[in-house]
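Taking it in order: structure first as structure tokens, then the write-up.
A note on names: the letters A, B, ... follow the listed sequences, proteins ahead of strands, and every chain is numbered from 1.
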There are 2 protein chains.
Amino acid sequence: METKISYKDTEVVISPGSPFKIIGERINPTRRKKLAASMAEGDFSLVQQDAIMQVEAGAHILDVNAGIPGANEPAIMKGALQAVLEVVQVPLCFDSADPAALKVALENYEGKALINSTTAEEVMMGKILPLVKEYGAAVIGVITDDSGIPATPQDRLATARKLIERAADYGIPAEDVVIDALALTVGADHNAARVTLDSLRLIRKELGVNLNLGASNVSFGLPDRAVINTAYLSLAIANGLTTAITDPTKEDIQTTLLACDLLMGRDEYAMRWIKAFRKRSAE
Amino acid sequence: METKISYKDTEVVISPGSPFKIIGERINPTRRKKLAASMAEGDFSLVQQDAIMQVEAGAHILDVNAGIPGANEPAIMKGALQAVLEVVQVPLCFDSADPAALKVALENYEGKALINSTTAEEVMMGKILPLVKEYGAAVIGVITDDSGIPATPQDRLATARKLIERAADYGIPAEDVVIDALALTVGADHNAARVTLDSLRLIRKELGVNLNLGASNVSFGLPDRAVINTAYLSLAIANGLTTAITDPTKEDIQTTLLACDLLMGRDEYAMRWIKAFRKRSAE
């Protein structure tokens with residue numbers, strides 16, 4: 001299944017048959033005080049810097065989050081997306097739980113955006129899915145619902161199915177719903193990662209949809225997080241992950257994702273691998 | 001399925017349910033001139049050093065190869081294994097294509113060894129499998145046969161099946177045959193790794209046997225080999241790999257394999273991960 005995201009003439013296809021797609025996570029003021037302060041003042045120079053760095057490092061899509069406590073999220077979202085699109089020409093992923101902020105973003109964007117995200121909670125779907133339909137966007141569906149986080153792969157499959165069925169009720173096709181199988185912290189529960197990996201495989205097999213993870217949460221609270229995060233991405237890719245919200249400016253993330261493409265047969269003559277190596281060597 | 005390897009009272013179980021098993025690859029004179037020269041002279045001090053280093057770094061089993069052109073392989077094999085067992089108490093994997101060297105090794109070993117390896121070639125199986133049976137060993141079965149390397153996962157499955165059936169003819173149970181799905185160089189054929197990964201999954205699903213790879217060959221001829229090798233191990237583990245012949249003294253290999261155990265739910269309370277981190281930090 002192909003999820004197509006675009007900005008003007010630039011189209012990005014998320015699918016099992018094409019190279020892995022990186023959604024750059026850095027434009028997010030949560031836990032980044034300096035970035036939050038500048039964005040709140042309408043200064044988007046750091047945002048632009050993050051946009052350029054991430055695209056240089058291989059991001060195909062950029063996540064834009066404008067959630068700053070006490071600030072005017074719709075206005076900051078608009079300012080941020082316009083600042084980003086002044087310096088890079090890639091599709092955007094609008095990251096907010098506020099329908100007003102999403103609406104402003106979608107109104108000020110030329111192309112098919114990705115919305116991050118809805119859960120399978122009824123109230124949430126009722127707010128987000130109409131926007132997805134109205135603006136012809138695609139959406140990340142996170143598999144939690146009104147009863148919380150499903151414990152087993154079978155229950156996560158059922159929740160994913162509910163998301164896709166509800167999207168269909170709004171006229172949104174399955175290929176425009178990217179399922180997020182939820183990366184929980186392995187430090188808190190040593191089976192957490194395994195359940196997510198098994199869920200990815202099951203959802204891919206049964207529903208055929210594209211799959212996303214925010215992959216850095218898995219290592220929270222543990223030492224040497226970078227190794228856990230890259231191993232997790234590799235294991236998840238082997239189980240069907242087709243995109244991730246992550247930070248490609250971290251060299252180990254970038255090289256691991258390129259290596260996985262190479263090893264999964266998505267890098268003919270190892271050309272992208274060798275090109276990226278030459279670029280790193282020249283820096 | 002459980003493959004049990006032992007040395008005296010020390011038993012190592014290779015199985016999907018237990019932590020990943022590392023077969024240390026360093027005791028091998030091929031392409032190591034200094035080691036080859038000392039082994040040929042009956043000096044096993046470097047061998048002992050490699051044995052200690054690898055077990056310290058997490059090797060569960062040690063591969064012992066004594067193949068030096070022009071030298072007396074059976075005598076060197078005997079000297080090497082005795083030297084190793086003076087300094088570590090772990091099961092051994094005897095690595096030779098010479099039945100005489102294997103016979104000497106098996107005669108001078110107390111426990112259930114692993115033999116590396118037979119192919120599915122008729123002549124080879126006729127030489128190696130009787131020894132496996134006679135000494136109650138287990139064997140690595142590499143899935144090439146008289147027609148070469150099978151091109152597709154289906155053909156590799158058929159070759160694996162032939163190996164297991166032929167072993168059964170000799171009275172060797174399936175759990176004592178560890179299938180090596182053959183890691184070919186991705187630089188020569190960009191689908192090579194994918195075919196191996198798909199073969200692992202198919203063979204595990206259809207035959208349920210344990211699976212091995214010599215995982216460093218995959219990156220031959222490419223830059224930044226370490227990243228490719230660790231990503232490959234992770235992808236292979238997600239596809240069912242339960243053991244690998246590799247070098248745990250390389251920190252990225254060691255940490256990646258520990259991270260995979262953690263993420264696959266084989267490291268309760270992340271205890272092994274944290275312990276290994278503390279050990280690295282103390283060094």
Taking all heavy atoms of [X] and all of [Y], pick out the closest pair and write down the distance.
| X | Y | value |
| --- | --- | --- |
| B:Leu263 | A:Ala193 | O-CB, 3.2 Å |
| B:Arg201 | A:Arg201 | NH2-NH2, 2.5 Å |
| A:Ala231 | B:Ala259 | CB-CB, 3.8 Å |

Which atoms of A:Ile228 are under 4.5 Å from chain B, going by heavy atoms: the side chain, the backbone, both sets, or neither? both
Given heavy-atom pairs under 4.5 angstrom as the criterion, report whether the side chain, backbone, both or neither of [X] touches chain A.
| X | answer |
| --- | --- |
| B:Asp267 | backbone |
| B:Val195 | neither |
| B:Arg278 | neither |
| B:Phe277 | side chain |

Choice from [options] maximising heavy atom contacts with chain B below 4.5 Å:
| options | answer |
| --- | --- |
| A:Asn239, A:Thr255, A:Leu197, A:Asp224 | A:Asp224 |
| A:Val227, A:Asp198, A:Asn191 | A:Val227 |
| A:Arg194, A:Arg280, A:Arg266 | A:Arg194 |

Has A:Lys162 got more than 12 heavy atoms of other residues, nucleotides or ligands less than 6.0 Å from its NZ? yes
Decide if atom CG of A:Asp146 counts as having more than 12 heavy atoms of other residues, nucleotides or ligands within a radius under 6.0 Å. yes
Worked check of side chain to side chain contact (heavy atoms under 4.5 Å, CB included) between A:Leu262 and B:His190: CA-CA 7 Å; A:Leu262 173 67; B:His190 74 278; 5.5 Å; no
May I ask you to decide if A:Pro223's main-chain N or O and B:Trp273's side chain share a donor-acceptor pair within less than 3.5 Å? yes
